[in-house]
Amino acid sequence: MVEEVLIEEGIVTKVTEKEIEIELIKTGNCDNCGTKDFCKGGEIKTITLKNEYDLSMGDKVIIEVRGKTILKTVFLLYGIPLLILILSFLISYQILEVNKELIASSVSFTFIGIYYLLMATYFRKFENQFKVNLTRMN
């Protein structure tokens, strides 16, 4: 079975002690991408990574992200919150007797907020699972 890998090219535009910023180079792949309409930002796309690489400003790099990493990220950021939203709403709606919709919605969004707070607090535990590979281009 072949694992899918997302490959992008970029240029290092900022280097600090803790982070590096990479500006992605727009390629012809952008026009064929199914998510191009949902892509954040304007024409210039940047990503910020931990400075674990020996790079300087102006270096051209290749960024590789494995399909498993993308799937885990999407599941943690969107899948679980969607399940929390639906389940907490349905359970709250069944239990409540007055103002069902308003209170059930409030409870659902509160649980999602708590989930994101927990994710932000404990994200360091997940950090090693979400690695990208950077390679300097010659």
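Values below: every heavy atom of this structure, side chains too, minus hydrogens, waters and symmetry copies. These figures come from a predicted structure and were not determined experimentally.
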Checklist entry - Roughly how far apart are Glu23 CD and Ile47 CD1, rounded to 0.5 Å? => result 11.5 Å

Next on the checklist: Starting from Leu90, can I reach Leu82 by hopping between I/L/V/M/F/W/Y residues whose side chains sit under 4.5 Å apart?
Outcome noted: yes

Item to check | Shared hydrophobic cluster, Leu96 / Leu102 (ILVMFWY, side-chain heavy atoms < 4.5 Å) | outcome: no

Checklist entry - How long is the span from the OG1 atom in Thr48 to the CD atom in Glu19, to the nearest 0.5 Å? => result 5.5 Å

Checklist entry - Honestly curious: do Leu87 and Ile103 fall in one hydrophobic cluster under the side-chain, below-4.5 Å linking rule? => result no

Next on the checklist: Is it the case that the side chain of Tyr116 and the backbone of Leu77 share a donor-acceptor pair, with hydrogens and angles ignored and the cut-off at 3.5 Å?
Outcome noted: yes

Item to check | Separation between CG of Leu83 and OG of Ser88, rounded to the nearest 0.5 Å | outcome: 10.0 Å

Item to check | Min side-chain heavy-atom separation Phe89-Val107 under 4.5 Å | outcome: no

Item to check | Members sharing Leu71's hydrophobic cluster (side chains within less than 4.5 Å) | outcome: none

Item to check | Common cluster, Ile91/Ile86, ILVMFWY with side-chain heavy-atom separation under 4.5 Å | outcome: no

Checklist entry - Is Leu117 linked to Tyr115 within one hydrophobic cluster, defined over Ile, Leu, Val, Met, Phe, Trp and Tyr using a side-chain heavy-atom separation of less than 4.5 Å? => result no

Next on the checklist: Within this structure, what is the CG-NZ distance for the pair Leu55 and Lys60, rounded to the nearest 0.5 Å?
Outcome noted: 14.5 Å

Item to check | Candidate pair Thr16 and Asn51, rule side-chain contact (heavy atoms from CB on, under 4.5 Å), full reasoning | outcome: CA-CA 7 Å; Thr16 66; Asn51 192 357; 5.7 Å; no

Next on the checklist: Once rounded to the nearest 0.5 Å, what's the spacing between atom CD1 of Ile20 and atom NZ of Lys14?
Outcome noted: 12.0 Å

Next on the checklist: Within this structure, what is the CD1-CD distance for the pair Ile22 and Glu8, rounded to the nearest 0.5 Å?
Outcome noted: 11.0 Å

Checklist entry - Is the closest side-chain heavy-atom distance between Leu85 and Phe109 below 4.5 Å? => result yes

